[in-house]
Every structure is written in structure tokens, then in C-alpha cells.
Amino acid sequence: MSIFHDTYTLNNGVKIPRLALGVWEIPNDQTPKAVEEAIKIGYRHIDTAQAYGNEEGVGEGVRKSGIGRDEIFINSKVEAGIKNYKDAKASIDETLQKMRMDYLDMMIIHNPQPWNEVNQSSDRHFEGNLEAWRALEDAMKEGKLRAIGVSSFEKEDLDNLMVNSSTKPMVNQILCHIAATPLDLIKYSQDNDIVVESFSPVAHGAAMKDPEIVKMAEKYGVSVPQLCIRYDWQLNTVVLPKSANPEHMKANSEIDFEITSEDMDILKKMKPLDYGDASIFPVFGGKM
């Protein structure tokens, strides 16, 4: 069975493919081709966001692929700064309009805090996140979304939604890679029947420059990205490697090997990586 057919079942019964194509930083005009190529290779899950500015391109790529819309799982994200019902609801409709679609398979809150507060403020926007969440719940009731979830939510952020709404998040998409693995958060999410998705599995390229990771990849006779993707895979997460290059997309799906539990432990405990220029991004610890 192809890796592209591997799925998890979300807590509302919807199936989500375990390997996805991430499209962050792919310009909108290059996105249709990237998406079309990925679908041709076998990808059935595409992950975009309002903030990426390429939702339109994703929609176009899916239409051009010639594969039935119902065979492809498409996720987008409500902009991190939207923390009220009215704007969140409008943004969901705007996304559908841009993508020229009647529904999305999933939409998630991009971050519990607006980007300019990440790593700078202790305000978790509990009220605002409940407002955005209510907009997602209503869109799901209206048939515009099949599933809803969150991204970069910590335990307290998840608890806020679980205690104060009638819908438990279906996914929590988090930064998770070798040398930066929030094991407690992964366990808490999974224990609560929330599927964990790993973004930036290759640490925005930083893993490629780490001698220990390079050495471990050589031991298994695989590339660094393959080792990184397999690592997240063995943590029982949905993995979202990002690429516009068809050769890389194909290689990223070739992870048919097993990392031993001893090596998994070594990889979990590795010292933090240097994100280089990317360390300015809030998701990598930077400040806007």
C-alpha cells in the first residue's frame, strides 16, 4: 500500500492523509504547478494558509490535476491576528471564494496569538480564540468545512477550547522536528484524541547542516529530509514537508525504513538547531 493512502481518522470520523505537501513561501503564481506535480506523484493532502497568499494557486492546482476534488484533503488556516467571530467567519468565506471551492476538508486557527505577540506577550487570547473557533464550528455545521483544528496551541490553549466549546479540536499542528520535539504536548494532544501534525520537519533546512543528523541519515542510507520525515512519522504525527521541487516531493515520500527506538531517543535529545536567517520567524523563536 502506498504511503499516500496512509490515513488517521479524526475525532469526528473524517480521514486525514498522513503525508501532506506544505506550500509556505511558494509564490502564488508557482503554486498551481507545485500542487499539480505533487498530486501527480501521489500526494492527497495539501496544506496552505490565508497568510501564505497562495490559496488561489492551490485551488487552481487541484482543479488542473484532474483528480476528483473528493480525493484530495485540503487544509487552510485562519490568519493568526483574527480573534473575533465576524472577521473569522468572513475570512473562511473569502478563502473558499479565492480557492473557488464549495468546501475545504479542514480549516484551523493559525496561532493562539497574533504573530506580533508571539514570544513577546503572555496574553493567550482565550476569548478571541473561542470567537474564531465558533466561526469555524458554524462553517462546519454549514457544510463549508469537514473538520476544524488549531496550530501551535499549548495545553492551556487546547483546554480553553475543550472546556468552553462543544467541539474538540481535530488536529493540533505544531513545530516538531529532530532536536525540537515537544513530547508532553504531543502526548497531551494525542491522549485527548487530537491528531498531531508536524510542520517544518526538516527545521526549515537547519537539519541539513547539523553534523549529527547528517551522520545518522548516512547510517540509514537515506537523505537528511527522509530521516527527518520518518522521525515525525514514527511519533505518530501527520507530516507536512514543504517543497516546490517534484524530485524532492517524491524523495520526501520514500520513507520506507525504520529508525530504531535507541536512535529515536538520541534524535529526541539532540541539542537545539540553529535556524540561521529563519530564526527571525516567530515559529522559530523570533519576534516580529
Determine, step by step, whether V222 and I255 satisfy the side chain to side chain contact (heavy atoms under 4.5 Å, CB included) criterion, reporting the C-alpha distance in whole Å, the side-chain angles of both residues, the deciding distance to 0.1 Å, and the verdict. CA-CA 8 Å; V222 298; I255 54 164; over 6 Å; no
Side-chain H-bond candidate by donor/acceptor type, Q173 with D47, under 3.5 Å: yes
Derivation and outcome, salt bridge (Lys or Arg N to Asp or Glu O under 4.0 Å), residues D256 and R230: CA-CA 8 Å; D256 191 17; R230 181 71 204 188; 5.3 Å; no
Given side chains that start at C-beta, do those of K40 and E36 come closer than 4.5 Å, heavy atoms only? no
Assess whether a salt bridge exists between E60 and R100, defined as any Lys/Arg side-chain N lying under 4.0 Å from an Asp/Glu carboxylate O. no
What do you reckon, are the aromatic ring centroids of F257 and W233 less than 6.0 Å apart? no
Would the distance check show the side chain of S2 and the main-chain N or O of F4 forming a donor-acceptor pair, the cut-off being under 3.5 Å? yes
For S121, check side-chain contact (heavy atoms from CB on, under 4.5 Å) against everything at least two apart and list the hits. Q113, E117, D123
Does any pair with a residue in residues 173-196 pass salt bridge (charged side-chain N to carboxylate O under 4.0 Å, His left out), and if so which ones, sequence neighbours excluded? K187-D191
Step by step, work out the side-chain hydrogen bond (donor to acceptor under 3.5 Å, both in side chains) result for T31 and Y52. CA-CA 11 Å; T31 303; Y52 300 171; over 6 Å; no
Could you tell me whether E137 and K141 make a salt bridge, using a distance below 4.0 angstrom between a side-chain N and a carboxylate O? no
Do D105 and R69 meet the salt-bridge criterion of a basic N to acidic O distance under 4.0 Å? yes
Checking S223 now: which residues fulfil side-chain contact (heavy atoms from CB on, under 4.5 Å) with it, not counting sequence neighbours? P225, Q226
Ignoring hydrogens and angles, tell me if any N or O in the side chain of N54 forms a donor-acceptor pair with the backbone of I26 under 3.5 Å. yes
Whether Q234 side chain and I259 backbone form a donor-acceptor pair below 3.5 Å: yes
Carboxylate-amine/guanidinium proximity below 4.0 Å for K89 and E142: yes
Whether R124 engages the ring of F153 as a cation-pi pair (distance to the six-membered ring centre under 6.0 angstrom, angle to the ring normal within 45°) should be assessed. no
For Y103, does its backbone N or O pair with a side-chain atom of R146 as donor and acceptor, under 3.5 Å? no
Ignoring hydrogens and geometry beyond distance, is a side-chain donor-acceptor pair present between Q50 and S76 at under 3.5 Å? no
Could you state whether I108 and F126 fall into the same hydrophobic cluster, counting links through intermediate Ile, Leu, Val, Met, Phe, Trp or Tyr residues with side-chain heavy atoms under 4.5 angstrom apart? no
K144 with D138: basic N within carboxylate O range, under 4.0 Å: no
Between N192 and I194 (side chain of the first, backbone of the second, donor and acceptor by atom type, cut-off under 3.5 Å), is there such a pair? no
For residues 166-181, pull every pair meeting salt bridge (charged side-chain N to carboxylate O under 4.0 Å, His left out), keeping only residues two or more places apart or in separate chains. none
Return the orientation label for the W115 and H110 ring planes: parallel under 30°, perpendicular over 60°, tilted otherwise. perpendicular
Short side-chain donor-acceptor distance under 3.5 Å, D157 and N160: no
Contacts table for residues 200-217: side-chain donor-acceptor under 3.5 angstrom, sequence neighbours left out:
from: D210; atom 1: OD1; to: E212; atom 2: N; distance (Å): 3.1
from: D210; atom 1: OD1; to: I213; atom 2: N; distance (Å): 3.0
from: E212; atom 1: OE2; to: K271; atom 2: NZ; distance (Å): 3.4

In terms of ring plane angle, is the pair F281 and W24 parallel, tilted or perpendicular, where the classes change at 30° and 60°? perpendicular
Residues that R134 engages under salt bridge (Lys or Arg N to Asp or Glu O under 4.0 Å), provided they are two or more places apart: E131
What I want to check is whether the side chains of S151 and N111 have a donor and an acceptor closer together than 3.5 Å. no
Distance-only side-chain donor-acceptor flag, D159 / Y188, under 3.5 Å: yes
I'd like to know if I41 and I74 are part of one continuous hydrophobic network [Ile/Leu/Val/Met/Phe/Trp/Tyr, side-chain heavy atoms within less than 4.5 Å]. yes
Check whether I92 and L130 end up in the same hydrophobic cluster, where Ile, Leu, Val, Met, Phe, Trp and Tyr are linked by side-chain heavy atoms less than 4.5 Å apart. yes
Could you verify whether a donor N or O on one side chain and an acceptor N or O on the other, from E55 and T48, lie under 3.5 Å apart? no
M249 vs S243, test: side chain to side chain contact (heavy atoms under 4.5 Å, CB included). Steps then yes/no. CA-CA 6 Å; M249 289 176 197; S243 180; 4.2 Å; yes
P282 backbone acceptor or donor facing N119 side chain under 3.5 Å: yes
Verify, without hydrogens or angle tests, whether S165 (side chain) and T167 (backbone) share a donor-acceptor contact under 3.5 angstrom. yes
Any donor-acceptor N/O pair, T7 side chain to I16 backbone, under 3.5 Å: no
Under a plain distance cut-off of 3.5 Å, with no hydrogens placed, do S91 and E79 share a side-chain donor-acceptor pair? no
